[in-house]
There are 2 protein chains.
Amino acid sequence: MRVALVSTVLPINQVLHGNCVEIMQTLPDNSVDLIFADPPYNLQLGGELHRPDNSRVDAVDNDWDQIGGFDEYDLFTCGWLEEARRVLKEDGALWTIGSYHNIFRVGTFLQDMGFWVLNDVIWRKSNPMPNFKGTRFTNAHETLIWAAKHKTSKVTFNYAAMKSLNDGVQMRSDWTLPICSGGERLKAGDGRKAHPTQKPESLLHRVLLSTTHPGQIVLDPFFGTGTTGAVARKLGRKFIGIEADADYVTLARQRIEAISPGDASALQVTASKRSLPRIPFGNVVEAGLIKPGDTLFCAQGRRTARVRADGSVTGGGETGSIHQVGAAVQGAPSCNGWTFWHIRRNGTLMPIDVLRSRIRAEMEEA
Amino acid sequence: MRVALVSTVLPINQVLHGNCVEIMQTLPDNSVDLIFADPPYNLQLGGELHRPDNSRVDAVDNDWDQIGGFDEYDLFTCGWLEEARRVLKEDGALWTIGSYHNIFRVGTFLQDMGFWVLNDVIWRKSNPMPNFKGTRFTNAHETLIWAAKHKTSKVTFNYAAMKSLNDGVQMRSDWTLPICSGGERLKAGDGRKAHPTQKPESLLHRVLLSTTHPGQIVLDPFFGTGTTGAVARKLGRKFIGIEADADYVTLARQRIEAISPGDASALQVTASKRSLPRIPFGNVVEAGLIKPGDTLFCAQGRRTARVRADGSVTGGGETGSIHQVGAAVQGAPSCNGWTFWHIRRNGTLMPIDVLRSRIRAEMEEA
DNA sequence: TACTTCATTGAATCCTTAC
DNA sequence: TGTAAGGATTCAATGAAGT
């Protein structure tokens with residue numbers, strides 16, 4: 001048995017040729033930010049599944065063998081998932097994709113291992129292959145699972161960017177995207193499709209844009225012809241690809257080589273407000289934008305509070321922060337004082353958040 | 001231990017009160033044509049959740065949904081699935097529904113027991129509850145599994161009826177249907193919803209219409225307030241309902257009693273209006289038709305904006321949607337960005353609406 | 001009556017940082 | 001580790017109330 005040598009230098013932006021479990025064994029613990037895994041679906045095993053002794057798993061087509069088939073598939077799934085989990089950073093997350101042939105099993109093992117499911121996401125194919133025999137519903141979707149390494153992991157989620165990508169409404173758990181075809185579909189030398197299940201770049205675009213920051217490292221243990229790497233390069237993310245098939249490795253390397261990496265300025269996305277620097281309300285008073293003794297109003301002008309020199313306010317018999325008093329006067333469990341309270345300027349009410357924005361802008365100029 | 005007495009007469013069109021496993025034990029082998037099961041999802045909710053307007057979300061906090069950890073839930077799942085399988089005819093099929101909390105486990109056990117998955121079907125909710133805290137994708141769907149008792153079972157599938165229901169094109173594995181609300185939603189005496197997870201009749205309509213013939217017997221072991229029975233009666237199918245909660249049993253009996261059987265015409269109201277699908281500008285970026293960093297021009301070429309990876313654009317000192325920035329650079333109150341903005345292709349300017357049309361065309365090709 | 005506005009609500013594993 | 005505090009966060013449908 002081969003002894004894995006753990007490297008200290010990550011093979012960034014490389015396509016590694018070999019068995020994904022063995023190669024992941026050479027990577028250190030807690031080292032990648034995201035994993036995207038598109039494992040074999042246990043449909044056409046295509047020689048990609050092997051038993052621990054390296055004998056090939058034969059295709060099976062009766063009930064008894066089918067259950068045996070699940071056993072083999074389950075072993076295979078646990079194998080790569082365990083290594084993937086070890087390599088993943090504590091605040092990292094994993095995406096995997098599959099169909100009803102395999103996704104229930106992958107999802108169950110994920111949960112049993114302690115991964116924390118954040119969403120299951122449906123890729124609705126706008127142009128799926130029909131069911132030619134008319135015996136079932138058109139199999140028009142695949143299922144992705146987005147899961148954190150732990151329940152407590154602080155994963156990356158670019159909420160505002162997703163909302164922006166969806167014309168200003170919250171992105172849903174079902175994504176309608178066309179399958180990979182046309183010029184995007186890689187062809188082999190004989191003009192036929194190079195890979196049977198090449199994923200569309202639009203799918204990876206959404207995965208990487210939503211759950212990574214530029215510069216973060218994405219590991220794809222079933223790299224195929226390198227869609228993950230191609231999109232990572234376009235979006236300024238780093239990747240590590242692992243692929244067992246030598247032809248695919250060659251194709252993927254050529255494909256990624258030909259892509260000009262996205263420049264940083266074009267990769268700016270809508271930032272979430274949570275990531276902006278925190279401004280205490282006292283700074284607004286200190287800056288003279290509001291004076292001690294000034295009155296704050298709610299949007300309707302019916303509730304009021306009085307500003308004090310230290311940035312606390314008094315209203316409804318309470319004294320405290322703008323948030324605490326805002327919550328108190330409404331009898332609400334919480335309140336964002338920045339948007340709740342207003343000041344009167346030129347006869348109209350203006351949210352005090354405008355003043356915070358002014359201070360933030362001044363900080364930018366410095 | 002209680003000894004189950006197996007009856008030879010099926011309790012057709014009855015709502016049985018009790019534990020579903022114990023009651024199924026009184027039913028003979030191979031006796032029902034279809035099973036529809038909506039088991040507890042075992043949601044593990046934290047504390048209270050409030051909407052941005054500070055109103056409290058009325059969550060599912062019923063005892064019956066708290067099964068325990070994965071181990072207990074798995075035992076529970078195996079228990080009802082085994083009995084369900086025994087009671088099912090050899091050519092019968094089972095539907096079950098769930099979310100990512102439980103569906104992977106149910107699906108895995110189904111497969112392990114020898115059920116043969118025919119489709120997983122996605123119920124896309126047209127009006128789901130949003131993710132109020134902006135921490136994940138809107139959980140906008142639930143997953144159904146349709147599985148035959150055996151791989152070789154000759155199950156009922158009304159292909160033509162489904163095609164007709166879908167305006168003459170093959171029914172897909174994703175179904176867009178609204179959640180249960182309005183007059184259909186059963187209310188308790190206090191005017192609040194009687195059951196936290198009542199399913200829409202449109203969903204059961206599609207399930208029963210697609211996979212049963214009139215006169216066949218449908219068993220629902222988690223009957224709740226009886227949606228399965230109500231739709232079965234409307235569609236001329238027979239049902240057996242089992243429900244552990246006495247209040248739900250009473251409500252279900254009243255509900256079904258009030259339905260005139262075979263009155264299917266009342267259900268023909270869910271026909272979908274076909275309007276042009278809304279395409280967010282972000283889809284054009286994801287599809288690679290425009291790249292992050294590309295420049296948009298107005299028709300005269302004098303105003304420009306720069307495209308970002310999340311589908312927002314920057315121009316005239318503003319960042320936002322194509323519509324917002326289009327309005328800003330003109331100093332106009334509003335703007336249709338699809339017709340205002342152009343891209344340069346082969347030396348000429350072309351409205352970006354052309355790219356939207358291209359995406360719509362791909363979606364139509366299905 | 002027609003239209004607008006506002007309040008309500010739905011299977012939800014729903015915050016983050018500093019002390 | 002827990003606690004306290006700042007402050008970020010919603011879409012579609014229904015129905016009642018107001019104009």
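Keep in mind that this is a model prediction, so the values were computed, not measured. All heavy atoms count here, side chains included; hydrogens, waters and symmetry mates do not.
The pair B:Glu201-B:Arg255 meets the salt-bridge criterion, since a charged nitrogen lies less than 4.0 angstrom from a carboxylate oxygen. Salt bridge status for B:Asp174 with B:Arg172: present, with a side-chain N to carboxylate O gap under 4.0 Å.
Judged by distance alone, the side chain of A:Lys149 and the main-chain N or O of A:Arg85 form a donor-acceptor pair under 3.5 Å. Here the side chain of A:Thr304 pairs no donor or acceptor atom with the backbone of A:Gly301 at under 3.5 angstrom. Within the 3.5 Å criterion, the main-chain N or O of A:Leu208 finds no donor-acceptor partner in the side chain of A:Thr211. For A:Thr319 (side chain) and A:Thr314 (main-chain N/O), no donor-acceptor pair under 3.5 Å exists by modelled atom type. Judged by distance alone, with hydrogens and angles left aside, the side-chain atoms of B:Gln44 form a donor-acceptor pair with the main-chain N or O of B:Asn42 at under 3.5 Å. The backbone N or O of B:Ser99 sits less than 3.5 Å from a side-chain atom of B:Asn102, completing a donor-acceptor pair. Using a distance-only test at 3.5 Å, with no hydrogens or angles considered, a donor-acceptor pair links the side chain of B:Thr96 to the main chain of B:Ala37. A donor-acceptor contact shorter than 3.5 Å is absent between the side chain of B:Asn131 and the backbone of B:Asn139.
Ring centroids of A:Trp123 and A:Trp175 are separated by 6.0 Å or more, keeping the two rings apart. Less than 6.0 angstrom separates the ring centroid of B:Tyr73 from the ring centroid of B:Phe76.
With its glycosidic angle more than 90° from 0, C:dT5 is assigned anti.
Counting all heavy atoms, side chain and backbone alike, A:His141 lies closest to A:Thr143 at CD2-OG1, 3.9 Å.
Near-neighbour residues of DNA chain C inside residues 147-168 of chain A, defined by a heavy atom below 4.0 Å, are absent. Taking every heavy atom of residues 294-308 of chain A and every atom of DNA chain D, no pair lies under 4.0 Å. For the segment residues 107-123 of chain A, the set of residues with a heavy atom within less than 4.0 Å of an atom of DNA chain D is empty.
Remark: A:Arg308 engages A:Ser312 in a side chain to side chain donor-acceptor pair (under 3.5 Å) (not counting sequence neighbours). Shown here are the side chain to side chain donor-acceptor pair (under 3.5 Å) partners of A:Arg358, two or more places apart in sequence or in another chain: there are none.
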*Can you check ring-ring contact (aromatic ring centres under 6.0 Å, His included) on B:Trp146 and A:Phe137, steps first, answer last?*
CA-CA 10 Å; B:Trp146 173 41; A:Phe137 300 99; 5.6 Å; yes

*Step by step, would you call B:Leu110 with B:Leu94 a side-chain contact (heavy atoms from CB on, under 4.5 Å)?*
CA-CA 10 Å; B:Leu110 275 177; B:Leu94 173 143; 3.8 Å; yes

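What separates CE of A:Met171 from P of D:dC11 is a distance of 12 Å, to the nearest Å.
Nucleotides D:dT10 and C:dC6 have their C1' atoms positioned 16 Å apart, rounded to a whole Å. Of the C1' atoms belonging to C:dT1 and D:dG18, the separation is 14 Å, rounded to the nearest Å. Rounded to whole Å, the C1' atom of C:dC14 lies 15 Å from the corresponding atom of C:dG10. As rounded to the nearest Å, C:dC15 and C:dA11 have C1' atoms that lie 22 Å from one another. A gap of 26 Å separates the C1' atoms of D:dA13 and C:dT13, to the nearest Å.
Just one residue in the list B:Val249, B:Leu219, B:Asp220, B:Val21 forms a side chain to side chain contact (heavy atoms under 4.5 Å, CB included) with B:Ile242, and that residue is B:Leu219.
Residue pairs satisfying the side chain to side chain donor-acceptor pair (under 3.5 Å) criterion with at least one member in residues 106-117 of chain A, sequence neighbours excluded, are listed as follows: A:Thr108-B:Thr108, A:Gln111-B:Arg105, A:Asp112-B:Arg105.
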_Counting Watson-Crick and G-U wobble pairs with both distances under 3.5 Å, what is the dot-bracket string for DNA chain C, 5' to 3', using [ ] for crossing pairs and | for pairs to another strand?_
.|||||||||....|||||

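In the 5' to 3' direction, nucleotides of DNA chain C lying under 4.0 Å from heavy atoms of chain A begin and end at C:dT13 to C:dT16.
Across all strands, B:Asn139 comes closer than 4.0 Å only to sugar-phosphate atoms, never to a base (heavy-atom distances). Nucleic acid contact for B:Pro178: none, since no nucleic acid atom lies under 4.0 Å from a heavy atom of the residue. The residue A:Gly320 sits apart from the nucleic acid: no heavy atom pair falls under 4.0 Å. Nucleic acid contact class of B:Asp58 (heavy atoms, under 4.0 Å, all strands): sugar-phosphate only. Nucleic acid contact for B:Pro39: base, since at least one base atom lies under 4.0 Å from a heavy atom of the residue.
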Show me the donor-acceptor pairs within less than 3.5 Å that the side chains of residues 154-163 of chain A make with the rest of the protein, sequence neighbours left out.
from, atom 1, to, atom 2, distance (Å)
A:Asn158, ND2, A:Leu209, O, 2.6
A:Asn158, ND2, A:Thr212, O, 3.0
A:Tyr159, OH, A:Gln170, NE2, 2.9

Report all side-chain donor-acceptor pairs from residues 268-287 of chain A shorter than 3.5 Å, counting only partners two or more places apart or in another chain.
from, atom 1, to, atom 2, distance (Å)
A:Thr270, OG1, B:Asp310, OD2, 2.7
A:Arg274, NH2, B:Lys133, O, 2.6
A:Ser275, OG, A:Ser272, O, 2.7

Where do N or O atoms of nucleotides 1-7 of chain D meet protein N or O atoms at under 3.5 Å, pair by pair?
from, atom 1, to, atom 2, distance (Å)
D:dG6, OP2, A:Ser321, OG, 3.1
D:dG7, OP2, A:His323, NE2, 2.7
D:dG7, OP2, A:Trp338, NE1, 3.1
D:dG7, O3', A:Asn336, ND2, 3.4
D:dG7, N7, A:Cys335, O, 3.4

Provide a list of protein-nucleic acid N or O atom pairs under 3.5 angstrom, restricted to nucleotides 14-19 of chain D.
none

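In this structure, B:Phe132 and B:Arg51 both approach DNA chain C, and ranking their closest nucleotides by distance from the 5' end singles out B:Arg51. Comparing B:Ser126 and B:Gly134, the nucleotide of DNA chain D nearest to each residue sits closer to the 5' end for B:Gly134.
Within the 4.5 Å cutoff, the side chain of A:Ser173 has no heavy atoms near those of the B:Tyr100 side chain.
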